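To start, the structure itself, in structure tokens.
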Amino acid sequence: MDVQSQIFAQIKKYSKIIIHRHQRPDPDAIGSQVGLAEILRASFPYKEISIVGKQIAGFNWIGAMDEIDNDAFNDALVIVVDTANAPRIDDRRFDQGAQLVKIDHHPNDEPFGDIMWVREAASSSSELIFDFYDQFRTELTLPQKASHALLAGIIGDTGRFLYPATTPHTMRVAASLMEAGADAAAIGQHENELSLPVARLSAYVYENLTVLEHGAAYLILTNDILAKFNLGDSGTAGIVPIPGRLKTVRSWAIFVQQDDGTYRVRMRSKDAHINEIAKLHDGGGHPLASGAKAKDEQEIKQIIAQLDQLTIETQKGE
Ligand code: AMP
């Protein structure tokens with residue numbers, strides 16, 4: 001039996017299913033979570049399906065979270081989507097169920113759960129959820145709300161079909177989701193929208209980005225700078241892809257100061273596998289999109305030097 005069939009057998013077996021995703025969610029985390037929940041709700045109306053994690057108002061257009069008691073976890077199947085490692089799972093009760101399933105597309109460096117379905121080559125977890133639906137489509141229903149959520153996740157994680165993880169299969173899945181009622185234009189509008197503070201911070205990024213000779217680039221956003229733009233850490237998500245628009249930039253890191261004075265590091269690349277650097281600094285992620293932590297300016301300097309070095313080596317190897 002393949003892993004997907006094992007997961008489907010568990011879904012059929014349990015009458016309570018609780019779906020988690022990662023902290024600080026993005027459209028793919030919410031989209032795959034809501035998409036799976038809506039497929040299961042439509043297919044098994046007599047089962048209790050819940051989605052948990054912090055309610056994020058900015059993502060209510062994809063779907064809202066449920067509030068459930070601790071008792072709900074008794075004899076429940078818990079499915080965690082889009083989350084590479086257990087410490088990042090939102091709602092820490094994830095280990096209180098009877099069975100734990102991981103469905104993800106990040107490198108499986110820190111496995112968890114009783115059953116794991118991890119496909120790194122998938123553009124997004126939302127694409128995986130569609131594939132799951134497709135494999136068992138004679139027994140599952142794909143309602144409009146699920147198709148909308150899943151397409152939101154795919155569009156989010158592929159940067160609107162811009163990143164290399166976008167495959168012909170991704171495009172076919174997107175087409176199927178549109179046929180099932182997803183409104184691609186509305187999703188594009190939601191994900192393209194900027195608040196005025198983020199628009200102004202974008203201008204700051206273009207003006208203040210440091211681009212090194214070989215294409216490594218970086219920007220440090222201290223709490224003082226963020227306060228001037230009236231933004232906190234969560235307001236920086238929209239500016240992370242910006243340096244990649246510059247032709248000369250090959251890889252980049254944005255250092256975002258946290259309340260405790262340390263820095264969250266958001267790294268991206270067009271070719272070099274920057275997750276190797278992220279792993280050295282309490283982080284990880286995809287080869288071309290990773291996150292890490294820097295405790296002080298000293299560690300920031302170290303990360304910049306490593307990024308510069310890796311960018312040079314990658315170009316030499318080409
Ligand atoms: P972000 O810059 O936060 O959008 O993160 C990009 C990707 O890096 C995410 O999809 C995660 O897979 C990964 N990531 C971010 N932060 C961490 C972390 N602290 N530990 C492991 N992986 C991370």
Side-chain angles (χ1 to χ4, degrees), residues 20-33 53-54 56 58-59 80-90 102-112 116 118-128 152-160 162-166 191 198 201 205 217-221 226 231-244 249 251-258 260 262-270 272-295 299-300 303 306-307 310:
H20 294 238
R21 39 82 189 158
H22 63 77
Q23 298 160 357
R24 292 172 164 165
D26 49 25
D28 187 37
I30 305 268
S32 54
Q33 185 188 30
K54 196 172 167 211
I56 311 282
F59 285 132
V80 181
V81 295
D82 197 43
T83 311
N85 52 354
R88 284 192 93 209
I89 301 173
D90 200 349
K102 175 186 192 183
I103 300 179
D104 192 25
H105 74 126
H106 298 94
N108 201 8
D109 292 330
E110 294 178 62
F112 64 83
M116 281 181 278
V118 177
R119 194 187 286 161
E120 260 186 66
S123 70
S124 51
S125 294
S126 297
E127 183 179 310
L128 282 182
I154 292 174
I155 288 177
D157 250 32
T158 61
R160 278 166 256 141
L162 191 69
Y163 306 142
T166 310
E191 296 193 8
V198 173
L201 182 64
V205 175
Y218 66 91
L219 180 74
I220 301 169
L221 294 174
L226 289 171
L231 283 171
D233 173 84
S234 61
T236 62
I239 57 106
V240 179
I242 287 178
V249 171
S251 57
W252 63 102
I254 298 187
F255 300 90
V256 185
Q257 196 170 29
Q258 307 292 296
D260 65 1
T262 66
Y263 291 82
R264 171 185 187 182
V265 191
R266 312 190 76 171
M267 299 169 74
R268 300 291 187 270
S269 163
K270 292 176 183 164
H273 288 187
I274 36 100
N275 55 344
E276 296 307 323
I277 300 176
K279 281 185 217 166
L280 302 173
H281 299 276
D282 197 14
H286 304 278
L288 305 183
S290 304
K293 290 173 189 155
K295 53 183 181 314
E299 195 168 0
I300 290 180
I303 293 173
Q306 287 165 337
L307 193 65
L310 183 69

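Heavy-atom basis, side chains included; hydrogens, waters and symmetry copies ignored. Numbering of ligands and ligand atoms starts at 1, following listing order. Everything numeric in this text was worked out from a predicted model, so none of it was measured.
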Backbone or side-chain N or O of G291 under 3.5 Å from ligand 1 N or O: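 Min N/O separation from ligand 1 is below 3.5 Å for G291.
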Consider only side-chain N and O atoms of [X] and [Y], and report whether a donor and an acceptor are under 3.5 Å apart.
X    : Y    : value
T262 : Q258 : no
D82  : Q33  : no
E120 : H106 : no
S126 : D28  : yes

Lys/Arg-Asp/Glu bridge criterion (N-O < 4.0 Å) met for D233, R24: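 Answer for the salt bridge query: yes.
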Heavy atom of R268, distance to ligand 1 below 4.0 Å: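 True for this residue.
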Nearest non-hydrogen protein atom, [atom]:
atom                    : answer
atom 20 (N) of ligand 1 : G283 CA, 3.4 Å
atom 21 (C) of ligand 1 : G284 N, 3.2 Å
atom 12 (O) of ligand 1 : H106 CD2, 3.0 Å
atom 7 (C) of ligand 1  : A289 O, 3.4 Å
atom 9 (C) of ligand 1  : R88 NH1, 4.1 Å

K102 (side chain) donor-acceptor with V118 (main chain) under 3.5 angstrom: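 Such a contact is absent between K102 side chain and V118 backbone.
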Ring geometry between H286 and H105 (parallel below 30°, tilted from 30 to 60°, perpendicular above 60°):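 Geometry flag for H286 against H105: tilted rings.
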Ligand 1 atoms in contact with [X] (distance to a heavy atom under 4.0 Å):
X    : answer
D282 : 19 (N)
R264 : 3 (O)
G285 : 8 (O), 12 (O), 13 (C), 22 (N)

